[in-house]
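So that the names make sense, note that chain A is the first sequence line, chain B the second, and so on, each numbered from 1. Bear in mind the structure is a predicted one, so any value in this text is a computation, not a measurement.
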2 protein chains.
Amino acid sequence: MTRPPPVSALSDHLGFWLRFVSNHVSHAFAAKVEERGVTVAEWVMLRALYGQEPMAPSRLADAMGMTRGAITKLANRLVAKSLVVRAASPDDGRAQTLALTEAGARLVPVLATLADENDTAFFDPLPPADRAHLERILSDLVARHGMRNVPVE
Amino acid sequence: MTRPPPVSALSDHLGFWLRFVSNHVSHAFAAKVEERGVTVAEWVMLRALYGQEPMAPSRLADAMGMTRGAITKLANRLVAKSLVVRAASPDDGRAQTLALTEAGARLVPVLATLADENDTAFFDPLPPADRAHLERILSDLVARHGMRNVPVE
DNA sequence: TATTGTTATACTCTATAACTATA
DNA sequence: TATAGTTATAGAGTATAACAATA
């Protein structure tokens, strides 16, 4: 019987550790916002609409890096929860707009506070120099690789 | 009309940047392994089985941080692709084992090379000191928060 | 009774493609 | 004919709970 050739382990990759930590932070945040009845993707859409004029779904699709079909589905859920309203565009019969309801606008600061708290709980134990360094390295990577899509997963 | 109170932006959180970068790396890797006909979760299971004795699904569930139901589904797909085989355990009539087929064992080094290349392409542009620092900070966070589950998303 | 594993169900997120209505 | 948006379908991932077989 032949021995299996040695191959790299999952943990040999920086990408692995990045995903490990990122998933942990995201899952903790997801659990918090779900107590408020929304998912992370829904939070991202609510935040994108907050303080803005009614917005075309296609603009949201660009901003969130999702297809228009995905935006429709997400918006449907938020409309069903009475956090978002759809309206026909006055100038273009094809166009729709999405905007927060009053309840949606009230919810965003609550969710933003949860996001603040989640981040604080997770990263505050780090020495301040490490936090700053992490932030700089990550934004460096974003710039180097020209990343654009806002993550919602 | 009342102005909306100012709230933190998505990008004010380190968790946001972490997810941003992590998703980018993971999606690039997912695209690569999918050319070989497997998903990232399937790769994680294949790697876990590589070079090991036939393994109980429940052990894989622990190792991968998934439920037994999820493991069954994942294993079903890999069995259908002839990369994994199921067998009854000799000593316990309830128990099953999962193991790589020859094709599965041949595929793992190929996928491991893709993982190496993906990581290199993404992180090599960083100054070596930054890479080392990033690695240290991430493993520090893993330790501080007692994270255990291997990420497969 | 407890445990192993499978199956069923359901929900989120994703993408592609067909379709409707309007420009 | 192009564009805006919706709808339909499908697949991957997640989880819970019911179930069968065995211990």
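Atom CG of B:L74 is separated from atom P of D:dA15 by 12 Å (rounded to the nearest Å). Nucleotide D:dG13 holds its C1' atom 12 Å from the NE2 atom of B:H27, rounded to whole Å. Between B:R94 atom CZ and C:dT1 atom C1' there is a gap of 11 Å when expressed in whole angstrom units. Distance, A:R59 CZ to D:dA4 P: 13 Å, rounded to whole Å. When rounded to the nearest whole Å, the span between CG of A:L78 and P of D:dT6 equals 13 Å. In this entry the distance linking CG of A:N23 with C1' of D:dA12 reads 15 Å, nearest Å. The distance between atom NZ of A:K81 and atom C1' of C:dC11, rounded to the nearest whole Å, is 11 Å. Between the C1' atom of D:dG13 and the CE atom of B:M64 lies a distance of 11 Å, rounded to the nearest Å.
For the atom pair NE2 of A:H133 and CG of A:L138, the computed distance is 10.5 Å after rounding to the nearest 0.5 Å. Here the straight-line distance linking atom OG of A:S22 with atom CG of B:L14 works out to 11.5 Å at 0.5 Å rounding.
Comparing C:dT22, D:dG13, D:dT6 by their closest approach to the side chain of A:Q96 singles out D:dT6. The A:R77 side chain lies nearest to C:dC13 when the options are C:dC13, C:dT16, D:dA21. With D:dT14, D:dG13, C:dC13 as the candidates, the nucleotide lying closest to the side chain of B:M66 is D:dT14. Candidate nucleotides D:dG13, C:dT16, C:dA23 were compared by shortest atom distance to the side chain of B:A41, and D:dG13 ranks first. Considering only the side chain of A:D92, C:dA23 comes nearest among D:dG5, C:dA23, C:dT6.
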Between A:L46 and A:Y50, is a side chain to side chain contact (heavy atoms under 4.5 Å, CB included) present by the stated rule, with each step listed? CA-CA 6 Å; A:L46 293 173; A:Y50 185 77; over 6 Å; no
Listed pairs, N/O of protein and of nucleotides 7-11 of chain D, under 3.5 Å:
none

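At the heavy-atom level, A:T39 lies under 4.0 Å from the strands shown only through sugar-phosphate atoms. At the heavy-atom level, B:S58 lies under 4.0 Å from the strands shown only through sugar-phosphate atoms.
Place A:T67 and A:D91 on DNA chain C by their nearest nucleotides, and A:T67 ends up nearer the 5' end.
With contacts defined as side-chain heavy-atom distances shorter than 4.5 Å, the pair A:R136/B:D130 qualifies. Looking at B:V40 and B:E34, their side chains never come closer than 4.5 Å, going by heavy atoms from C-beta outward. No side-chain heavy atom of A:D119 sits under 4.5 Å from any side-chain heavy atom of B:F16. For the pair A:L60/A:M66, no side-chain contact is recorded, criterion being any heavy-atom separation below 4.5 Å from C-beta on. Side-chain atoms of B:F122 and B:V21, non-hydrogen and from C-beta on, do get closer than 4.5 Å to each other.
Taking five base pairs at each end of the helix from C:dT1-D:dA23 to C:dA23-D:dT1, the local helix axes there meet at an angle of 30°, rounded to 10°.
Comment: A:E117 does not engage A:K32 in a salt bridge, judged by the lack of any side-chain N to carboxylate O separation of less than 4.0 angstrom.
With sequence neighbours excluded, no residue forms a ring pair (Phe, Tyr, Trp, His ring centres under 6.0 Å) with A:F123.
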